[in-house]
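Everything on this sheet refers to the single structure shown next.
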Amino acid sequence: MAAFAVKKDFQKQGLGSRLLKYAIDDLRNRGYKQIKTNARTSAHGFYLKNGFKDLGPRYHNSRLGIDDYSMVYVL
């Protein structure tokens, strides 16, 4: 899954969770079994709150120069 974001003025209103739920439902209906993503440290809590699980500890993404978490959501 590629990155997505909600404009700062509209954050904390559930819009990101609704968008993610829509994507999850669509992928489930298409027969996918899991979703994998790399979450930035700042988005880690959001993905945990929405049912994603860590695949391991935080790691440094040297390509982007930031810390990430590899995460999965089983459909």
Give me the other members of the hydrophobic cluster that Phe10 sits in, counting Ile, Leu, Val, Met, Phe, Trp and Tyr linked by side-chain heavy atoms under 4.5 Å, directly or via other members.
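Cluster partners of Phe10: Val6, Leu15.
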
Going by side-chain heavy atoms closer than 4.5 Å, which hydrophobic residues are tied to Tyr59, directly or by a chain of links?
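Noted: Tyr59 shares its cluster with no other residue.
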
Ignoring hydrogens, what is the shortest heavy-atom contact between Val72 and Lys36? Give both atom names and the distance.
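Shortest heavy-atom contact: CG2-CG, 4.0 Å.
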
Test of understanding: with side-chain hydrogen bond (donor to acceptor under 3.5 Å, both in side chains), list the residues that count as partners of Ser17, not counting sequence neighbours.
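Ser17 satisfies side-chain hydrogen bond (donor to acceptor under 3.5 Å, both in side chains) with Asn50 only.
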
Are Phe46 and Ile66 connected in the hydrophobic side-chain network, where two residues link if heavy atoms are under 4.5 Å apart?
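No, Phe46 does not connect to Ile66 through the hydrophobic network.
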
Measuring from Gln34:CD to Tyr73:OH, what's the distance to the nearest 0.5 Å?
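If we round to the nearest 0.5 Å, Gln34:CD and Tyr73:OH are 12.5 Å apart.
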
Are the side chain of Asp54 and the backbone of Gly56 linked by a donor-acceptor contact shorter than 3.5 Å?
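Flag not set: sc Asp54 to bb Gly56 has no pair under 3.5 Å.
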
Inter- and intrachain pairs under salt bridge (charged side-chain N to carboxylate O under 4.0 Å, His left out), touching [range], at least two apart:
range	answer
residues 37-52	none
residues 3-14	none
residues 64-75	Arg58-Asp67

Considering residues at least two apart in sequence or located in another chain, which fulfil the side-chain contact (heavy atoms from CB on, under 4.5 Å) criterion with Ala39?
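Applying side-chain contact (heavy atoms from CB on, under 4.5 Å) to Ala39 gives Tyr47, Met71.
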
Show every donor-acceptor pair shorter than 3.5 Å between a side-chain atom in residues 19-28 and any protein atom, with sequence neighbours excluded, or say none if there are none.
from, atom 1, to, atom 2, distance (Å)
Lys21, NZ, Asp25, OD2, 2.8
Asp25, OD1, Arg28, NH1, 3.2
Asp26, OD1, Arg30, NE, 3.2
Asp26, OD2, Arg30, NE, 2.9

Side chains of Phe52 and Ile35: closer than 4.5 Å at any heavy-atom pair?
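The answer is yes; the side chains approach within 4.5 Å.
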
Side chains of Thr41 and Tyr69 in contact at under 4.5 Å (non-hydrogen atoms)
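A side-chain contact under 4.5 Å exists here.
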
